[in-house]
J.: 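Dumping the structure here so I can ask a few things about it.
Labels below follow one simple rule: chain letters A, B, ... track the order of the sequence lines, proteins then strands, and each chain is numbered from 1. Please read all numbers here as calculations on a predicted model, not as lab measurements.
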Protein chains: 2
Amino acid sequence: MSLKHAILGLLTIQPMTGYDLKHLAFDSTIAHFWRADQAQIYRTLDSMEGEGLLTSDLRIQSERPSKRVYAVTEAGQAELLDWLRQPQSPPVYREPFLVQVFFAGMLTDAEILAHIQAHIEVHRATLSQYHDIAIPAHDDGTERDRLFWGMTLELGIALEHTYLAWLEKWQQTIRERSLTGDDSLG
Amino acid sequence: MSLKHAILGLLTIQPMTGYDLKHLAFDSTIAHFWRADQAQIYRTLDSMEGEGLLTSDLRIQSERPSKRVYAVTEAGQAELLDWLRQPQSPPVYREPFLVQVFFAGMLTDAEILAHIQAHIEVHRATLSQYHDIAIPAHDDGTERDRLFWGMTLELGIALEHTYLAWLEKWQQTIRERSLTGDDSLG
DNA sequence: CTCTTATATAGGACTTGTCTGTTATTATAC
DNA sequence: GTATAATAACAGACAAGTCCTATATAAGAG
């Protein structure tokens, strides 16, 4: 489970609550390579404390609801270091849109072009979000840390560019084929 | 569930057994965008027949074990067409290796370079498998079908090139930093 | 003569992740 | 005055996918 190790890494940098992990990390800093559901974060924190990887400290606040701040134990540190050294396989790639493209022979040119246009818009939006992450990434950590943070973001940006280039190329190709009157179902 | 719709699409092209779906499709033709577990394929076929999307025909063979050939019903065709027209969101990207890179500040240069090297090898192997798919893709279907099949494969190849370019760039960067004696933990 | 591979199907247990709903307080917007 | 958003935590139910195992036959390798 990489979620467990992502949490260990994040809490090593800074002890936090489940709420902060969700909002400051999984929804922003590391959103480009590991999103996590709120319920899953809380459940994982609870089980990790049970495993002795984390300790928690309940802080009663006067103006806000009480919060539970988690920190990494020595066992947690050891577990993280061990995992960071293990080779990881790339994830299995599963893309519903490619299933649609593969069977797009059953759709008209107009229908598949609409899907392509929608994906162009989604990927452009993702790309512009990534450019927003780029700036706050410089506020903490050593120079070497920031190098690796930038490295992850750079892949995210490069992948989005690849998607966009592919989408725009085929948008063009299908439009041209459509005009020259090849069998287009549309 | 895209698996269900991938099965509907594949069985529309050619009625098949679960075994053939696994070996001829999910492990080869469409492996670059949708892999599926054998047990999951059989379970899904069974539930889809229960939903009336498929019919099956048990063929007793003399020289091999009996097999069950599945075909798409009219309801299945309608379901597929409907799904193909619905917009799909891109999948959530989750990459364990990027978790390692993000926290690579805790590793030595040698350790992270070893991971990078391993990923370069995996992605080169994937890329060469994709080039093998490219040729058999021309044996069936209309010209328009093959256009879309090629479109899916082209994304797979482009994504692998992006990974490799990124890996090789950072391999170089980290090696150079290591030699110039910046704080490398190694 | 035994072992492995290919053909063919399927169950059990489990992990990971998703979606929805609940509870509670304070601050802000309309 | 009322509604919504932010802060804070967590349970229930489910969906999707993984891993391991069982069963059976036949062909081919050693």
J.: Side chain of B:A39 only, please: which of C:dA8, C:dG12, C:dG17 is the nearest?
T.: C:dG12
J.: Take A:K169 and B:E154, measure what salt bridge (charged side-chain N to carboxylate O under 4.0 Å, His left out) needs, and give me the verdict at the end.
T.: CA-CA 11 Å; A:K169 183 205 144 166; B:E154 207 180 274; 2.9 Å; yes
J.: Whole Å only: how far is the CD atom of A:E51 from the P atom of C:dT15?
T.: 11 Å
J.: More 5' along DNA chain D: A:Q38 or A:V92, using each one's nearest nucleotide?
T.: A:Q38
J.: Rounded to whole Å, please give me the gap between CG in B:D57 and P in C:dT9.
T.: 12 Å
J.: Base, sugar-phosphate or nothing for A:R59? Non-hydrogen atoms, less than 4.0 Å.
T.: nothing
J.: Can you tell me how far apart CG (A:L113) and OG (A:S178) are? Round to the nearest 0.5 Å.
T.: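 The OG atom of A:S178 is 6.5 Å from CG of A:L113, to the nearest 0.5 Å.
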J.: Hey, are A:D109 and B:R144 close enough for a salt bridge, meaning a charged N less than 4.0 Å from a carboxylate O?
T.: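 Looking at B:R144 together with A:D109, the answer is yes, because their closest N to O distance falls below 4.0 Å.
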J.: Of the options C:dG12, C:dT7, C:dT16, whose atoms approach the side-chain atoms of A:Q40 most closely?
T.: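 So the side chain of A:Q40 is nearest to C:dT16.
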J.: Over 60° means perpendicular and under 30° means parallel, so classify the ring planes of A:H119 and A:F97, tilted if in between.
T.: parallel
J.: Tell me whether the rings of B:Y163 and B:Y93 are parallel (<30°), tilted (30 to 60°) or perpendicular (>60°).
T.: tilted
J.: Starting at OH of B:Y70, measure out to CG of B:L45 and round the result to the nearest 0.5 Å.
T.: 5.0 Å
J.: Using the heavy-atom set of chain A and a strict 4.0 Å cut-off, write down the first and last nucleotide of DNA chain D that makes it in, 5' to 3'.
T.: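 Extent of the interface on DNA chain D: D:dA6 to D:dT18.
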J.: Side chain of A:R43, base of C:dG17: donor and acceptor closer than 3.5 Å?
T.: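 By the distance-only test, no, there is no pair.
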J.: Write down the distance between OH (B:Y93) and P (C:dG17), rounded to a whole number of angstrom.
T.: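 Atom OH in B:Y93 sits about 15 Å away from atom P in C:dG17.
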J.: Pick base, sugar-phosphate or nothing for B:R35, based on heavy-atom distances below 4.0 Å to the nucleic acid.
T.: nothing
J.: Nearest-Å distance, CD1 (A:I7) to P (C:dT16)?
T.: 12 Å
J.: Evaluate side-chain contact (heavy atoms from CB on, under 4.5 Å) for A:D20 paired with A:Q14, printing each intermediate quantity in order.
T.: CA-CA 10 Å; A:D20 286 340; A:Q14 177 71 50; over 6 Å; no
J.: In whole angstroms, how far is the P atom of C:dG11 from the CG atom of B:D46?
T.: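 For the pair B:D46 CG and C:dG11 P, the rounded distance is 7 Å.
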J.: Return whichever of A:D37 or A:Q61 has its heavy-atom-nearest nucleotide of DNA chain D closer to the 5' end.
T.: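 Mapping each residue to its closest nucleotide by heavy atoms, the 5'-most match is A:Q61.
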J.: May I have the distance from A:L45 (atom CG) to C:dG17 (atom P), rounded to whole angstrom?
T.: 14 Å
J.: Between B:L21 (CG) and C:dT9 (P), how many Å, whole number?
T.: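 Atom CG in B:L21 sits about 9 Å away from atom P in C:dT9.
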J.: Under 4.0 Å: is that the gap between some side-chain N or O of B:T17 and OP1 or OP2 of C:dT9?
T.: yes
J.: Would you mind reading off the distance between B:Y42 atom OH and C:dG11 atom P, rounded to a whole angstrom?
T.: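 Spelled out: OH on B:Y42 to P on C:dG11 is 12 Å.
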